[in-house]
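A short worksheet on the structure shown next.
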Amino acid sequence: MKLDFLKRFDFFVGVPDSQLKPLCNYLMSTYGVGDKHLIAANEGNAVGLAAGYHLATGKVPVVYMQNSGEGNAVNPLLSLMNDKVYGIPCLLIIGWRGEPGVKDEPQHIYQGEVTLKLLEDMDVAHFVIDKTTDEAALLSRLDEWESLFAAGKQAALVVRKGALEFDGKVTYKNDSKMLREDIIRRLLVAAGDGVVVSTTGKASRELFEIREARGEGHGKDFLTVGSMGHASSIALGIALRKPQTRVWVIDGDGAALMHMGAMALMGERSPKNVVHVVINNGAHETVGGMPTVASAVDLAGVARACGYPLVLRAADEAELEAALDRIAHAESLVFLEVAAAIGAREDLGRPTTTAKQNKQAFMQTLAEQ
């Protein structure tokens with residue numbers, strides 16, 4: 001399916017998704033980031049931005065997301081956009097991960113099963129697009145939905161794998177030199193007997209493979225393969241009950257931005273046994289590389305304002321080693337921001353243990369501490 005149908009809309013906002021990579025590349029190639037296209041911190045944020053656009057223009061905005069983001073979008077869709085409240089129209093474009101009958105990662109399985117039902121429960125009309133979808137059929141459906149939009153309702157295009165096409169290429173890069181996988185190797189040496197909670201995406205995949213390469217078990221690591229943005233909250237919940245165990249959070253900039261309020265609670269509680277590391281490459285790399293706003297945000301300053309007593313930054317290997325040396329002697333909550341390059345090994349695999357096996361091994365480790 002070519003993306004010409006998007007020309008009838010002139011405002012797009014969302015959170016990147018690998019299933020929607022052709023759409024994301026089209027938007028970056030056509031508009032970049034600016035008045036017509038914004039990359040939101042989370043999907044609820046995207047819906048709010050779309051509402052503001054409609055209020056200012058009277059036009060129909062487009063919000064794109066992976067189906068895992070439906071949960072973040074539920075509240076504003078129901079309590080703001082719905083025609084029984086303000087009646088704000090919107091077209092959603094949703095990548096369908098975990099579609100029943102299609103092999104996918106464990107975090108997508110149940111979300112995939114309930115994707116269409118969630119839309120139905122929210123009174124959001126939907127149309128599924130796949131490789132065989134006829135452009136005329138899609139345009140006809142969009143024409144039909146004009147009456148829904150006029151009535152203040154929302155509708156969704158649910159996109160199966162490989163359904164969208166865009167021939168243009170977009171390259172994402174930054175000026176940082178350190179690779180995230182090398183950073184994680186250094187963090188694991190520093191963590192020693194501590195436990196690690198890693199964020200969703202390539203960070204957890206790299207952590208798993210580093211342990212495998214070393215012949216180590218995985219009982220010290222909790223791989224947050226879903227629930228983007230919640231790794232630090234999981235770590236705080238552990239740390240408050242295991243004050244003698246040092247808990248390391250390996251976070252990403254996109255994840256930290258997605259639910260930044262978690263940093264405020266972390267700072268207020270200020271557990272002495274948490275080291276919160278944000279590996280910042282300024283990109284949603286796992287789902288294609290589209291930029292986050294983290295390159296323009298002082299994350300260390302945010303942490304300091306939230307009450308983290310020790311805040312450190314590292315832009316190269318020497319600074320990282322110096323920071324880890326300070327952390328080794330720290331007796332307080334720590335925030336460490338590490339600048340990283342965009343990119344990962346092409347042969348990077350995925351965890352070979354199940355999510356429940358990971359949970360059980362991790363809980364056994366905690367029980368012994």
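Every value quoted in this text rests on a predicted model; they were computed, and no experiment measured them.
- The CE atom of Met266 sits 8.5 Å away from atom CG of Leu240, with the distance rounded to the nearest 0.5 Å.
- Around CZ of Arg326, the count of heavy atoms belonging to other residues, nucleotides or ligands within 6.0 Å does not exceed 12.
- Annotation: the span from Tyr172 atom OH to Ile342 atom CD1 amounts to 9.5 Å, rounded to 0.5 Å.
- The minimum heavy-atom distance between Ala339 and Ile183, with the atom names listed, is O-CD1, 3.9 Å.
- When atom types are taken as modelled, the side chain of Gln19 and the backbone of Trp96 share a donor-acceptor pair closer than 3.5 angstrom.
- The side-chain hydrogen bond (donor to acceptor under 3.5 Å, both in side chains) test with His218 singles out one residue from Gln357, Arg211, Glu212, and that residue is Glu212.
- Phe11 and Leu49 get closest at one heavy-atom pair: CE2-O, 4.1 Å.
- Note that CZ of Arg304 is 10.5 Å distant from CE of Met263, once rounded to the nearest 0.5 Å.
- In this structure, the side chains of Phe222 and Val195 stay at 4.5 Å or more apart for every pair of heavy atoms.
- Across all their heavy atoms, Gln66 and Ser68 have their closest contact at OE1-OG, 2.8 Å.
- Residues Phe166 and Ser29 form a side-chain contact, since some pair of their non-hydrogen atoms from C-beta on lies under 4.5 Å apart.
- Ile234 is not connected to Val196 by any chain of hydrophobic side-chain contacts under 4.5 Å among Ile, Leu, Val, Met, Phe, Trp and Tyr, and they are in different clusters.
- Side-chain contact check for Trp145 versus Leu157: some heavy-atom pair is nearer than 4.5 Å.
- Contact check for Leu336 versus Val338: side-chain heavy atoms found under the 4.5 Å cut-off.
- Judged purely by atom type and a 3.5 angstrom limit, Ser147 uses its side chain to pair as donor or acceptor with the backbone of Glu144.
- Within 6.0 Å of the CZ atom in Phe9, the count of heavy atoms belonging to other residues, nucleotides or ligands exceeds 12.
- Side chain of Lys242 to main chain of Leu366: a donor-acceptor pair is present (N/O by atom type, distance under 3.5 Å, no hydrogens or angles).
- Linking Ile, Leu, Val, Met, Phe, Trp and Tyr residues whenever their side-chain heavy atoms come within less than 4.5 Å leaves Val287 and Val33 in two separate clusters.
- To the nearest 0.5 Å, the span separating CG on Leu207 from NZ on Lys202 amounts to 15.5 Å.
- Side-chain atoms of Glu206 and Leu348, non-hydrogen and from C-beta on, do get closer than 4.5 Å to each other.
- Both Val249 and Leu265 are members of a single hydrophobic cluster when ILVMFWY side chains are connected at heavy-atom separations under 4.5 Å.
- The closest side-chain donor-acceptor pair between Glu368 and Gln364 falls under 3.5 angstrom.
- Taken together through direct or relayed side-chain contacts under 4.5 Å among Ile, Leu, Val, Met, Phe, Trp and Tyr, Leu20 and Val124 form part of one hydrophobic cluster.
- No donor-acceptor pair under 3.5 Å is formed between the side chain of Ser198 and the backbone N or O of Ile250.
- Here the closest heavy-atom approach between residue Val13 and residue Ala40 is recorded as CG2-CB, 4.1 Å.
- Between Asp134 and Arg141 no salt bridge is recorded (no basic side-chain N to carboxylate O distance below 4.0 Å).
- Across all non-hydrogen atoms, the minimal contact from Gly307 to Ser270 is O-OG, 4.3 Å.
- In this structure, the side chain of Arg205 does not engage the main chain of Arg350 through any donor-acceptor pair within 3.5 Å.
- A salt bridge between Glu317 and Arg186 is present, with a side-chain N of the basic residue lying under 4.0 Å from a carboxylate O of the acidic one.
- Residues Tyr308 and Leu324 are members of separate hydrophobic clusters, defined by side-chain heavy-atom contacts under 4.5 angstrom among Ile, Leu, Val, Met, Phe, Trp and Tyr.
- Side-chain contact between Asn174 and Ser295: absent, with no pair of heavy atoms (C-beta onward) separated by less than 4.5 Å.
- For Tyr53 and Asp10, the side-chain atoms include at least one donor-acceptor pair closer than 3.5 Å.
- For His54 (side chain) and Val60 (main-chain N/O), no donor-acceptor pair under 3.5 Å exists by modelled atom type.
- Judged purely by atom type and a 3.5 angstrom limit, Asp253 uses its side chain to pair as donor or acceptor with the backbone of Asn281.
- Smallest separation of non-hydrogen atoms from Val247 and Ala235: CG1-CB, 3.7 Å.
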| request: Using the side-chain hydrogen bond (donor to acceptor under 3.5 Å, both in side chains) rule, take Asn67 and Gln111 through it: C-alpha gap first, then chi angles, then the decisive distance, then the call. | output: CA-CA 7 Å; Asn67 56 340; Gln111 184 74 57; 5.9 Å; no
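- Each of Ile94, Asp17, Ile39 was scored for a side chain to side chain contact (heavy atoms under 4.5 Å, CB included) with Tyr64, with one residue passing: Ile39.
- Here the side chain of Glu285 pairs a donor or acceptor atom with the backbone of Gly343 at under 3.5 angstrom.
- Using a 3.5 Å distance cut-off with no hydrogens or angles, the side chains of Ser140 and Asp143 do not pair a donor with an acceptor.
- In this structure a side-chain-to-backbone donor-acceptor pair under 3.5 Å is present from Asn273 to Thr245.
- Between Leu119 and Glu70, some side-chain heavy-atom pair lies under the 4.5 Å cut-off.
- A 6.0 Å sphere centred on CZ of Arg269 holds no more than 12 heavy atoms belonging to other residues, nucleotides or ligands.
- Counting heavy atoms from C-beta on, the side chains of Thr352 and Phe208 come closer than 4.5 Å.
- Between Asp193 and Lys220, at least one side-chain N (NZ, or NE/NH1/NH2) sits under 4.0 Å from a carboxylate O, which counts as a salt bridge.
- In this structure a side-chain-to-backbone donor-acceptor pair under 3.5 Å is missing from Asp251 to Val278.
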